[in-house]
Engineer: 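My structure is below; once you've seen it, I'll send some questions.
Here the structure is a predicted model, which is why all the values come from computation and not from measurement.
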Amino acid sequence: MIDDDPVDREIFRQALEAAQPGGFLYAEASLGREGLSCLEAFQPDCVLLDLNLPDLDGLQMMRYLHDRRDALPCAVVMLTGTGNEQIAVDAMKMGVMDYLPKGPESSQTLPRAVAGAVQRFRLQQQIEEQRRALEQRNRDLEAIRAELFEEKERYRTLTESIPQLVWTADSDGHLHYANKRLWEFSGRDPDAEGGGTWLLKSLVHPEDRAELREQWAEAVRSGRPFEMELRLLRSRDHTWRRHLMRAAPMRAGEEGVRWFGTFTDIEDQRRAEAALRQRQKLESIGLLAGGIAHDFNNLLVGIMGGASFALDSLEPDHPVRPVLEIVSRSSERAAHLTRQLLAYSGKGQAFPESVDLSRVARQTCDRLRNSMPPGVTLIVDIDKTIPPLEADAGQMEQLVANLVMNAAEAIGGTSIVRVRTSVERVQAGNSGTNIPGDPLSSGQYAVLEISDSGCGMDDDTVRQIFDPFFTTKFTGRGLGLAAVQGIVRTLSGGIQVESEPGKGSTFRVLLPLNATAGEKGVILMIGADPRFGAPAANALKRSGYEVLVAAAGNEGVETLASRREIDLVLLDADRSGWQETFTQVRGLSSRAPVAILTGSPEELARGFNGPGTNDPGMVEIIRKTADPASMEESIGRVLGAAAGVTAAGCVESGNGSAA
């Protein structure tokens, strides 16, 4: 009790004692500051506070209590004899539990007011504690939510960044989640998909679906992880890619078990493993075939030599002569078989030389025309500008003959066998060859293409056609394509096979050109008359130059601006406007030699004082000639003399005289 009137304090004490004898402990103070000290020491459940005190009024006491603490330490009942309604309102706003006027009735209402104030204050404390606990719980939930969001983002980032196709599904196979890679692989729209087992319906190869259902059902029954290999359809190119499917169960709360799975593309790995096994198998067979062929060839030497000697020693009408001729012919066929075995094994005797593939293809096809089955038309379309390749001419003939006859015999009716030759630039890793071996390196390759309109082959047959002794022909020995493979492998080339049942087959043999082909330099020919330019360009290509042809001056200038590796510019001075082109060329490439082509070099040299003759580059005048060798010789001298030459000169094709 904080009250400056002792009589009032006694009245209040008696009233409380009367209501509950012995139920109260009291402490009294007559001043506000004294009451504050007593409040700290006594720690009451309720304070009876007089509004009017000599040092502090009741409202000041309430402010002081609020300033010292975050909340009131106990219930407060304010008593006053002079207060009004506004003071009561202000007191209640400051946390006073009850407001009683002093008077005769206060002794009767005071015990009930104190008990109610204490009860309300305790209830208020409980509510405050629950509020603080609820706020703390909300903070904890927010922290958990933030942690879950961070974990979800980490999971999403992980699933989107790994190369595998990631998905989750329930035990019935209904899809819940798929990462971006899976949607891109399948070509599906994630917003349009409504779950379901669409993976089984369209993405998985029909031949793999039954096994997948069986293994999935067993995994769901046992609750154990599982994995299997299957083929998935890639929408980008509509090809089936072999994948390793892995899935493991995980708890998903009330949803039961959810399966987390991945698809890992192992197509390239399986192809590499198959190629390695095939290569090892073929190498083993090659060693065996080579050994047998060598020993058999030694025996044939004796047989053929003996038969030839006996034939030479017998009279033309001797009865044994027909038998010996059969022996001789059979030995020749056996020798051919031996050469095929040696070609396959890569141990045949070869004499490398510069070989014109187009010429070999033309001559071999001309020789084979009379051997074509009835109804088969042989069409030859060759590129005469293919640079030479380093190979054995006999093996090249054997390669062309085997492929052409293989195509002709596979047709079985009236149709066409087409032979083409061309040049193709190959990028490493993009060759797509069907035969095992080291990948093709980047560079220029001569291409021999043989296509037919025959019955075609399925994928299983294509995979076996290069195996020794595998054949689809009734009387075949299965060594023709095996020998082709051996020759191509020896030359570090490759073979591409495209075939489809009922639509014929196409064999493309890629053979590397001579290491020097294309390395002599890059020549840009500008504005040349087609009657002279085309034969000249073909001759230079055959000699190993890379030739770029620009029909007009502006086209040549654009080409020169975009390709800085050009080693020589050939500019035709017999066409109008060449001086302007010359000025632009010299401005773009002052260090590259420029050769001016003309039919009248002497006349041009006497009057030639064009721009660019005094800069560090080289300007030469070359006579036009119909002799390709003279043209090549002149250009070779220009390139060879380019370093250090600073003045204009004239190189006359044919005799090399300078003007």
Engineer: Looking at residues at least two apart in the chain, or sitting in another chain, which of them share a side-chain contact (heavy atoms from CB on, under 4.5 Å) with Lys180?
Structural biologist: Glu160, Glu184

Engineer: Which residues pass the side chain to side chain donor-acceptor pair (under 3.5 Å) test with Arg270, not counting sequence neighbours?
Structural biologist: Glu229, Glu273

Engineer: For Glu424, what residues pass the salt bridge (Lys or Arg N to Asp or Glu O under 4.0 Å) criterion, not counting sequence neighbours?
Structural biologist: Arg508

Engineer: Quick one: side-chain contact (heavy atoms from CB on, under 4.5 Å) partners of Arg181, sequence neighbours excluded?
Structural biologist: Leu165, Asn179

Engineer: Under the side chain to side chain donor-acceptor pair (under 3.5 Å) rule, collect the residues that match up with Arg420, sequence neighbours excluded.
Structural biologist: Glu449

Engineer: Could you pull out all residues at least two apart from Asp237 that satisfy salt bridge (Lys or Arg N to Asp or Glu O under 4.0 Å)?
Structural biologist: Arg234

Engineer: Could I get the full list of side-chain contact (heavy atoms from CB on, under 4.5 Å) partners for Val423, not counting sequence neighbours?
Structural biologist: Ile386, Pro387, Gln444, Leu513

Engineer: Can you list everything that forms a side-chain contact (heavy atoms from CB on, under 4.5 Å) with Ile379? Sequence neighbours excluded, please.
Structural biologist: Thr377, Ile416, Arg418

Engineer: Residues in salt bridge (Lys or Arg N to Asp or Glu O under 4.0 Å) with Asp381, at least two apart?
Structural biologist: none

Engineer: Considering residues at least two apart in sequence or located in another chain, which fulfil the side chain to side chain donor-acceptor pair (under 3.5 Å) criterion with Ser451?
Structural biologist: none

Engineer: Please enumerate all residues that pass salt bridge (Lys or Arg N to Asp or Glu O under 4.0 Å) together with Asp268, with sequence neighbours excluded.
Structural biologist: Arg241

Engineer: Run the side chain to side chain donor-acceptor pair (under 3.5 Å) test against Glu580 and tell me which residues pass, sequence neighbours left out.
Structural biologist: none

